[in-house]
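One structure below.
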Amino acid sequence: MDETVSTSSTSTPQTRKQFPFGDFEPKWQTYWQENSTFRAANPGEPGSEKPKYYALDMFPYPSGAGLHVGHPEGYTATDILCRFQRMRGYNVLHPMGWDSFGLPAEQYAIKTGQHPRLTTERNIANFKRQIQSLGFSYDWSREVATTDPEYFRWTQWIFLQLYQSYFDPFHKKAMPIALLEDAISEEPKRQEEWIENPFLAGAHLAFREARKEGDAPSKDELRAYLDEHRLAFVSEAPVNWSPDLGTVLANEEVEEWTAKGHTVVRKPMRQWMLRITDYAQRLLDDLDLLDWSDSLKEMQRNWIGRSEGAEVRFAVKGSEHEIEVFTTRPDTLFGATYMVLAPEHELVEEITTDEQKIAIKDYQQKAATKSDLDRTDLAKEKTGVFTGAYAINPVNGEEIPVWIADYVLTGYGTGAIMAVPAHDERDFEFAQQFDLPIIQVVQPPTDDDWQGFTGNGTSVNSASKEVSLDGLPTPEAKRKITAWLEEACLGSAQVNFKLRDWLFSRQRYWGEPFPIVWKDGHHEALPESELPLLPPDLDDYKPAGDGSPPLSKASDWVNLPDGSTRETNTMPQWAGSCWYYLRYLDPKNEKKFCDPQVDEYWMQPGGVDLYIGGVEHAVLHLLYARFWHKVLFDLGHVSTPEPFKRLVNQGLILGEDSQKMSKSRGNVVNPDDVVAQYGADALRCFEMFMGPLEQVKPWSMSGVEGVYRFLGRVWRLVMAEDQEGGWISSGQIVEEPASDEVQRAVHTAIKGVTEKLEGMNFNTAISDLMVLTNALTKEKHRPKEALEALALLLSPFAPHLAEELWSQLGHEKTLAYEPWPQHDDKWLTVDEVPLVVQVNGKVRAKLQVPADADKPALEALAKEAEGVQTWLDGKTIVKTIVVPGKLVNLVVK
RNA sequence: GCCGGCGUGGCGAAAUUGGUAGACGCGCUUGACUCAAAAUCAAGUGGACGCAAGUCCGUGUGGGUUCGAUUCCCUCCGCCGGUACCA
C-alpha cells in the first residue's frame with residue numbers, strides 16, 4: 001500500500017501531540033510491572049498489617065473481538081478507587097482474570113477443528129495486552145482463567161460439595177449428606193445429632209420405625225432418598241432445549257439466546273440440577289445485608305418471586321383424587337366457580353370423562369407443540385377444554401367444573417388453580433369466554449365495579465354453616481379462612497417462589513466435565529484425588545443434535561475399565577464465575593481453593609468491598625454466585641454469608657449517535673484507536689468525565705479531546721517547550737511558598753476530590769481538578785508544592801501523566817504509595833463571604849459581608865444594600881429570613 | 001399491564017439538610033500570537049426585550065405546600081430498564 005496516499009486520506013491531520021504520552025505511558029507500565037508495584041500482601045506478608053480493601057471487576061469473557069470501550073468504564077472506576085485507597089494506607093487487592101469457558105470458542109472449533117484452548121489462549125493474550133495498555137493497577141500475579149485445569153479442579157471440587165450435601169430444613173442450611181445417610185442407616189452412629197436436629201430423627205423414623213418388622217428398606221430405596229436430597233441432583237423434568245445450539249439452557253438464559261434468534265423449546269430430558277430453590281428465602285432475606293442499588297435488589301426480589309398464600313385441597317366428585325391448588329387469595333374461596341389444571345397436570349387423564357377424552361387429548365397435544373413464546377403471545381384470547389369432571393369446593397360443598405387451559409402453568413405452584421372470576425383478571429376473561437358463573441365475594445372499598453376487582457376490600461357472600469368471612473377486611477379474611485382450612489385438614493398456609501431450580505448441565509465440549517461416573521444406572525462422585533478431571537481431546541466438536549453431548553463421542557474417555565461410564569455433560573459457563581473472587585485471594589494454593597485465614601483477612605467483614613460490573617448479570621451471575629457462596633458458608637469453607645458487600649452497575653456506553661454500539665451500525669469505538677491518538681490517561685479520564693458511573697451515556701470523540709487538552713494543560717504547568725521542540729522543565733516553577741490564593745485553590749481541590757472519590761462522583765472530581773489546573777495556569781509563578789499536590793490528586797485518574805510529572809518534579813520512586821494529600825481548613829476560611837439579598841424570594845443584590853457577621857448584622861447590611869431600597873419603597877417588611885453564609889430574604893407587602 | 005428509574009442550555013452534565021439554577025467540558029463567537037493555518041493563550045456564550053443600566057421568563061405538563069421548590073406532595077405526558085397469564 002502506498003503510504004503517502006493512506007496518510008493523506010485519513011481524516012485526522014498529523015498534529016503534534018500535546019504531551020508525549022506515547023513515550024511515558026509504556027515506560028510507566030513497564031516500571032510498575034518490573035517493580036511489582038501493585039502486588040497485594042496476603043496475611044503474614046509485609047503490608048498485611050494495613051487495613052485491607054478488596055475491589056473487584058466482573059472478569060471478562062475474552063472474545064475474539066477484543067475489548068470495547070464499555071470494559072474500561074468499570075475497570076477505570078475500580079482502578080481509581082484502588083489507587084486512592086493505596087495512597088490512604090490500605091493493602092489493596094485488585095485482581096483480574098478470564099471467564100474463558102464459553103460457546104464462541106467452541107463454535108469456532110466446530111468450524112475449523114482447532115482446539116478451543118488455542119483460540120482461548122490467543123484471545124486472552126489480546127485482552128491482556130489491551131487491558132495492560134490502559135495502566136490498570138492489577139496484581140497480575142493473581143491472574144486466573146476458568147479454563148485452567150488448576151482453576152477448574154476447584155470448580156469441580158465445589159460441585160462435589162454440592163453433590164455431597166443436603167439442605168437441612170430444620171437448620172435451614174446445607175449439611176453433609178453423610179449425616180442423613182447415617183440417620184437412615186440400620187444402625188445410626190450419630191444419634192447425638194438428632195437432639196439438635198429433629199429432621200434427622202424424622203428421616204430415621206420414616207425409614208425404620210414406621211415400617212413393619214423385618215421389612216428393611218432396599219439399598220435402592222436408601223440411595224433414592226439421598227439422591228432426592230442432594231443439592232446437586234439428576235432430574236427428568238422438561239427443560240429448555242435449543243436444537244440449533246445443541247444444548248439445554250437455564251431459565252435465566254433463555255431470553256438472551258432467543259433474543260439472538262435461537263429457538264428454545266420445552267423438552268423432557270435427564271439433566272443435572274442445583275437446588276437453588278432451597279435457598280430462596282435466604283437469598284431474599286440477605287439482600288437486606290447488602291449495599292446494592294434498590295433497583296438491583298428489586299430485580300432479584302422479583303426473580304425470586306416470593307408470594308404468601310394457602311394450599312387448598314379440592315375433592316374430585318366421584319373419585320379418590322384430590323386437586324391441590326395454591327392461592328394468594330384464600331379469602332375468595334367462596335367465589336371459586338370452576339377449576340383449571342395445566343394441560344400437563346398428572347390428574348388430567350385420571351379425571352377426564354369418556355365424552356371429553358378426545359377433546360382433551362387434542363388440546364394437550366396442541367399445548368405441547370406450542371413453544372413458550374406462542375403460549376404467551378396468544379395471551380389475548382383464553383383457550384381451554386372442560387374435562388367433564390367436577391370438584392367440590394371445601395367451604396360450601398358446591399360442585400364446580402374442572403377445566404384444562406394453558407394459562408395455568410405447570411411449573412408454578414401446584415399446576416392447578418381455583419378460579420375466582422369475580423376477582424382475578426385472567427379468570428374473569430376465561431369465564432366470559434366460556435360463559436362460566438361469576439360470583440362477587442369482595443366488596444371494593446370505593447364504588448369501583450366489583451367485577452374483576454383484585455384489590456383488598458371486604459368479604460361478602462362468603463358464609464357457610466361452618467365458617468363465615470362476611471364483613472371481614474381482606475387480610476383478616478385470609479387469616480381466618482386459612483386457620484379454618486388448617487383445622488379442617490383441607491389446606492394450609494403456604495409460601496411459593498417463582499425461582500426454579502438451576503439447570504446445571506450443558507451439552508457442550510468447552511466446559512468443566514462433571515466429576516461423576518455412572519455405575520449400574522447410578523451416579524457416583526469421583527474421588528477428590530482424581531481432580532482435575534480433564535476433558536478428552538476430540539477430532540470433531542460438533543454436537544450430535546439429538547441432545548447427546550460431544551464428550552460422549554470419546555469412548556476411551558467415557559468407558560472406564562470397571563465397566564462404569566463418565567458423565568458426559570459439562571457445566572455451564574456460570575460455574576467458573578460463581579467463585580473466582582475467592583480464588584484471587586489465594587490463587588496458587590494447591591491444597592484448598594482458598595485458605596480460611598486468607599479468606600477471613602480479605603472478606604471480613606461482609607465480603608468484597610466493592611464490585612463493579614454490568615447490570616446484565618442482575619439475576620444470573622449475581623444470584624448463582626450468592627447461592628454457591630452460601631453453600632460454602634454453610635459447610636464452613638468461607639467466613640461470610642454474602643460474597644459482595646457493595647455492588648455498583650456501570651451504565652452502558654452508547655455510540656456517538658446515542659444508539660447501542662454494534663458492528664452493523666458502524667458506531668463501535670475501539671479503545672486501541674483512542675489510546676493511540678490520545679493516550680490511555682485521556683481515555684480513562686474521559687470515561688469518568690462523561691457523567692455519573694451508573695448512567696447510560698453516549699460516546700463523544702470531541703469530549704475525549706476536551707479531556708486530552710486538560711491533560712495537556714496539566715503537562716505544560718510543569719513542562720515547557722525548548723527551541724528544538726523538546727520538553728524541558730518549566731521555568732515558571734518556583735520553590736517559594738504558595739500565595740494564599742493558590743493555597744485556597746489547592747486545598748479546595750484536595751477537599752473536593754477526596755469527598756467526590758469517597759462518593760464515587762468521578763465526573764465532578766475531574767471537574768475539580770480542572771478548576772485547580774485553570775487556577776494554576778493563570779499564575780506566572782507556580783509553587784512546586786502546589787504542582788506536587790496536583791500530581792498526587794490526579795494520579796488515580798491519569799496515573800501515567802501523574803507519575804511522569806512526579807518524577808520530573810524530582811522524585812525517584814513511584815507515587816503509588818505517597819500519602820494522599822490532606823486539606824487544611826485554615827486555607828478554606830475566608831474573611832468575607834458572598835451574601836444574597838432577596839426581596840420576596842427574588843435576588844435583588846449580592847454583597848460581600850464579613851464571614852463572622854451575626855444575624856442582626858446581616859439583616860441590617862441587607863436592608864442597606866444598594867438596589868434593595870427601591871424594592872422596599874412604600875412597602876412594609878412583614879418577615880425576614882436570615883440564613884448565615886447564604887442569604888437574607890425580605891418579605892414585603 | 002405491573003415494578004423500578006429518569007426528564008435541567010445547541011450537546012455531555014453540576015447544584016450539602018429546600019436557600020444565587022446551569023460548576024466543569026464540548027460546540028459556537030470574538031481577540032492575541034502567525035505571512036497563513038493548526039496548536040496555545042485571553043474574553044464571551046440559557047431565552048426574550050433594551051444603546052445601556054436593567055427588567056421579565058426559564059429545570060417535561062398542570063396544580064399544591066413554603067418567605068423561598070431542579071429538590072417535598074398530587075395529576076398528566078414522555079423516555080429508559082426489568083418483568084410478563086407466577087394464581
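Not measured: the values here are computed from a predicted model. Letters A, B, ... are given to chains in the order of the sequence lines, protein chains preceding strands, and every chain is numbered from 1. The figures here come from the full heavy-atom set of this structure, side chains too, leaving out hydrogens, waters and symmetry mates.
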Exercise. Looking at B/rC24, B/rA21, B/rA43, which one has an atom nearest to any side-chain atom of A/Val843?
Worked result: B/rA21

For this session: Mind checking A/Ser700 for me? I need base, sugar-phosphate or nothing, with any heavy atom below 4.0 Å counting as a touch.
Result: nothing

Exercise. Between B/rA14 and A/Asn763, is there an OP1 or OP2 to side-chain N/O distance shorter than 4.0 Å?
Worked result: yes

For this session: Could you say whether A/Glu298 or A/Tyr412 is positioned toward the 5' end of RNA chain B, judged by the nucleotide with the nearest heavy atom to each?
Result: A/Glu298

Problem set entry | Of A/Gly413 and A/Asp294, the one whose closest RNA chain B nucleotide lies more 5' | A/Asp294

For this session: Could you tell me whether the phosphate oxygens of B/rG19, OP1 or OP2, come under 4.0 Å of any side-chain nitrogen or oxygen in A/Gln838?
Result: no

Exercise. Are OP1 or OP2 of B/rG54 and a side-chain N or O of A/Arg844 less than 4.0 angstrom apart?
Worked result: no

For this session: Just label B/rG9 as syn or anti from its O4'-C1'-N9-C4 or O4'-C1'-N1-C2 angle, using within 90° of 0 for syn.
Result: syn

Exercise. Has the side chain of A/Glu687 got a donor or acceptor atom that lies under 3.5 Å from a matching backbone atom of A/Glu73?
Worked result: yes

Problem set entry | Contact under 4.0 Å: A/Asn774 side-chain N or O vs B/rG25 OP1/OP2 | yes

Exercise. Do you see a donor-acceptor pair shorter than 3.5 Å between the side chains of A/Arg709 and A/Gln18?
Worked result: no

Exercise. Under 4.0 Å between a side-chain N/O of A/Arg709 and OP1 or OP2 of B/rC41, yes or no?
Worked result: no

Problem set entry | Rounded P spacing from B/rG62 to B/rC77 in Å | 15 Å

Exercise. Hey, are A/Thr277 and A/Asp501 close enough side-chain-wise for a donor-acceptor pair under 3.5 Å?
Worked result: yes

Exercise. Taking the same atom, P, in B/rC76 and in B/rG82, what whole-Å distance lies between them?
Worked result: 25 Å

Exercise. Given the P atoms of B/rA32 and B/rA38, what is the spacing between them in whole Å?
Worked result: 14 Å

Exercise. Quick one: is A/Ser307 getting a side-chain N or O under 4.0 Å of the B/rA87 phosphate, OP1 or OP2?
Worked result: yes

For this session: Run the ring-centre check on A/Tyr708 versus A/Phe19 and record whether the distance is less than 6.0 Å.
Result: yes

Exercise. Taking OP1 and OP2 of B/rC67, is either one under 4.0 Å from a side-chain nitrogen or oxygen of A/Lys886?
Worked result: no

Problem set entry | Donor-acceptor pair, side chain of A/Gln364 and main chain of A/Pro343, under 3.5 angstrom | yes

Problem set entry | Closest nucleotide among B/rG27, B/rA13, B/rC24 to the A/Ser767 side chain | B/rC24

Exercise. Quantified in whole Å, what is the P atom distance between nucleotide B/rC24 and nucleotide B/rA43?
Worked result: 12 Å

Exercise. What interatomic distance, in whole Å, is found between C1' of B/rA23 and the corresponding atom of B/rU70?
Worked result: 15 Å

Exercise. Are A/Gln695 and B/rA13 close enough that a side-chain N or O sits under 4.0 Å from OP1 or OP2?
Worked result: yes

Exercise. For atom C1', what is the distance between B/rC3 and B/rA21, given to the nearest Å?
Worked result: 33 Å

Problem set entry | Strand partner of B/rG46, provided both Watson-Crick or wobble distances fall under 3.5 Å | B/rC57

Exercise. Does OP1 or OP2 of B/rG82 have a side-chain N or O of A/Arg301 closer than 4.0 Å?
Worked result: no

Exercise. Does the ring centre of A/Tyr338 sit less than 6.0 Å away from the ring centre of A/Phe434?
Worked result: no

Exercise. Quick one: which of B/rC85, B/rU20, B/rA42 gets closest to the side chain of A/Asp406?
Worked result: B/rC85

Exercise. Quick one: which of B/rG12, B/rC67, B/rG25 gets closest to the side chain of A/Pro698?
Worked result: B/rG12

Exercise. Expressed as a whole number of Å, how far does the P atom of B/rG31 sit from that of B/rA14?
Worked result: 34 Å

Problem set entry | Integer angstrom distance from the C1' of B/rG27 to that of B/rA13 | 14 Å

Problem set entry | Separation of atom CE in A/Met339 from atom C1' in B/rA87, rounded to whole Å | 11 Å

